[in-house]
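Naming convention: chains lettered A, B, ... in sequence-line order (proteins, then strands); numbering from 1 in each chain.
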Number of protein chains: 2
Amino acid sequence: MRYTSGMTFLPSACPSGDEKVQLFGLLLETNARLARSLGLELESSCELPLAWFDVLLQLRRAPDGRLKMNQIADAIVHSTGGTTRLVDRLEEAQLVERQNCPNDRRAIHVAITDKGNVKLDEALGVHLEYLEGTLANRLSCDERATLATLLTKLNRPAKP
Amino acid sequence: MRYTSGMTFLPSACPSGDEKVQLFGLLLETNARLARSLGLELESSCELPLAWFDVLLQLRRAPDGRLKMNQIADAIVHSTGGTTRLVDRLEEAQLVERQNCPNDRRAIHVAITDKGNVKLDEALGVHLEYLEGTLANRLSCDERATLATLLTKLNRPAKP
DNA sequence: TCAGTATAGTTGTATATGCAACTATTTGTC
DNA sequence: GACAAATAGTTGCATATACAACTATACTGA
């Protein structure tokens with residue numbers, strides 16, 4: 001969303017609900033722009049869709065290099081159905097593989113393959129370069145830390 | 001993206017590129033969760049898809065209550081083709097209308113209708129209530145102002 | 001004025017995604 | 001132990017979106 005450019009957000013003001021609407025819109029817009037430009041970058045440089053990159057990164061971060069389907073779905077904020085199809089495509093490209101889960105025969109382990117790790121490394125190179133041009137150039141180190149803290153607070157699931 | 005919960009981001013550290021990867025992932029994840037929950041909320045309460053809400057809000061913010069197609073596309077970060085279809089649907093629901101642009105016969109003005117304004121008001125009620133449960137409950141007024149400032153910096157288009 | 005180029009929007013086509021219904025397995029309860 | 005409820009994942013179907021090719025109009029320079 002594009003709001004009046006140069007608009008300032010004074011801490012002392014904080015009056016109307018519109019301030020929150022604007023902030024939320026700003027969050028949506030910022031994210032959409034960054035995701036789109038990164039997606040194009042990854043796609044053109046590595047032929048790796050952003051969603052694939054996201055899955056591979058989750059898997060690498062996982063303790064064992066593998067996650068169950070529902071863990072992936074939650075981590076990347078997709079539906080379970082969508083995740084099934086997404087993993088189908090990743091598996092067809094041999095970047096991940098499905099493994100049986102010994103304890104629970106309903107569940108599926110999804111593990112990153114060697115080929116997947118190579119691809120992810122390649123993509124991380126592109127990603128880091130991209131981040132230098134966006135995050136690093138526009139926000140100081142302290143500002144990034146502050147942003148991370150605020151987003152973490154925002155990201156907490158709602159209380160039941 | 002789900003990273004180790006409870007992770008802290010110390011300003012003094014700021015070492016590896018991974019800090020930026022994490023921050024970027026956090027931004028994607030936060031946005032996805034918020035957008036999804038708001039979308040479900042708007043859809044179930046008002047039968048208004050989030051994308052429709054976004055368009056209507058942009059139109060209301062516009063000086064004249066109307067924007068050209070490419071302005072909408074840019075504001076909501078969609079392709080022009082996608083925007084054409086989106087506006088098609090909104091127009092079919094009589095929430096907006098296409099108008100000829102006298103100066104430029106290539107261009108189309110999209111204007112919000114009375115019905116669209118009513119719908120938007122309804123949706124804004126839901127939206128504000130939702131925001132109380134997310135933004136307002138999780139971030140203080142100052143924190144929201146800080147977040148808005150940081151996002152605005154991030155959102156600036158890259159230098160040519 | 002005219003040719004060439006740029007811009008605004010639409011449309012054909014492919015794909016990615018969500019939701020709901022479904023199967024298979026596990027867990028809980030009596 | 002058996003039946004009910006919960007959980008994990010897949011699939012059919014509908015829809016939203018992007019990309020690229022296309023049409024129509026406007027601009028630019030000789």
So salt bridge (charged side-chain N to carboxylate O under 4.0 Å, His left out) across residues 76-90 of chain B, not counting sequence neighbours, yields B/Asp88-B/Arg98

Minimum-distance pair of heavy atoms, taken over all atoms of A/Ala123 and A/Cys46:
CA-SG, 3.8 Å

Start at the 5' end of DNA chain C and walk down; is the nucleotide closest to A/Arg106 or to A/Ala51 reached first?
A/Ala51

In whole angstrom, give the distance that lies between atom CG of B/Leu50 and atom P of D/dT15.
19 Å

Kindly indicate, with the supporting measurements, whether the criterion side chain to side chain contact (heavy atoms under 4.5 Å, CB included) is fulfilled by B/Asn70 and B/Thr83.
CA-CA 8 Å; B/Asn70 58 10; B/Thr83 304; over 6 Å; no

Walking along DNA chain C from 5' to 3', note the first and the last nucleotide with an atom under 4.0 Å from a heavy atom of chain A, and give both.
C/dA16 to C/dT26

Using rotation axes that map the C1' atoms of four end pairs onto the next four (five pairs an end), what angle separates the end axes of the helix from C/dT1-D/dA30 to C/dC30-D/dG1, to 10°?
30°

Between B/Leu151 and the options A/Leu28, A/Thr30, A/Asn31, the side-chain contact (heavy atoms from CB on, under 4.5 Å) test singles out A/Thr30

Take atom CD of B/Gln99 as the centre, draw a 6.0 Å sphere, and report whether it contains more than 12 heavy atoms from other residues, nucleotides or ligands.
yes

For A/Asn117 and A/Arg60, does a side-chain donor sit closer than 3.5 Å to a side-chain acceptor?
yes

Less than 4.0 angstrom from a charged side-chain N to a carboxylate O is my criterion; do B/Asp74 and A/Arg33 meet it?
yes

Among residues at least two apart in sequence or on other chains, which ones pass side-chain hydrogen bond (donor to acceptor under 3.5 Å, both in side chains) with A/Lys153?
B/Glu143

Without decimals, in angstroms, what is the distance between B/Ile108 CD1 and D/dT23 P?
18 Å

Write down the distance between CE (A/Met69) and C1' (D/dT11), rounded to a whole number of angstrom.
12 Å

Can you check whether A/Arg36 has a side-chain N or O nearer than 4.0 Å to OP1 or OP2 of D/dA18?
yes

How many whole angstroms separate atom CG of B/Asp88 from atom C1' of D/dA16?
12 Å

Here the distance between atom P of D/dA8 and atom CD1 of A/Ile72, to the nearest Å, is 14 Å

Run A/Asp18 and B/Arg61 through salt bridge (charged side-chain N to carboxylate O under 4.0 Å, His left out) and show every step you take.
CA-CA 11 Å; A/Asp18 195 52; B/Arg61 287 223 152 83; 3.1 Å; yes

Tell me, do A/Leu95 and A/Ile112 make a side-chain contact under 4.5 Å, heavy atoms counted?
no

Using every non-hydrogen atom in the two residues, find where B/Leu67 and B/Gln58 come nearest and quote the distance to one decimal.
CD1-O, 3.9 Å

List in numerical order all residues of residues 37-47 of chain A for which some heavy atom is under 4.0 Å away from an atom belonging to DNA chain D.
A/Leu40

Whole angstrom is fine here: how far is it from CG in B/Asn70 over to P in D/dA26?
15 Å

Neighbour count above 12 (heavy atom, 6.0 Å) for A/Glu129 CD:
no

Residues of residues 90-105 of chain A with any non-hydrogen atom less than 4.0 angstrom from an atom of DNA chain D: list those, numerically ordered, please.
A/Arg98

To check you understand the geometry: which heavy-atom pair defines the closest contact between A/Gly116 and A/Leu56, and what is its length?
O-CD1, 4.0 Å

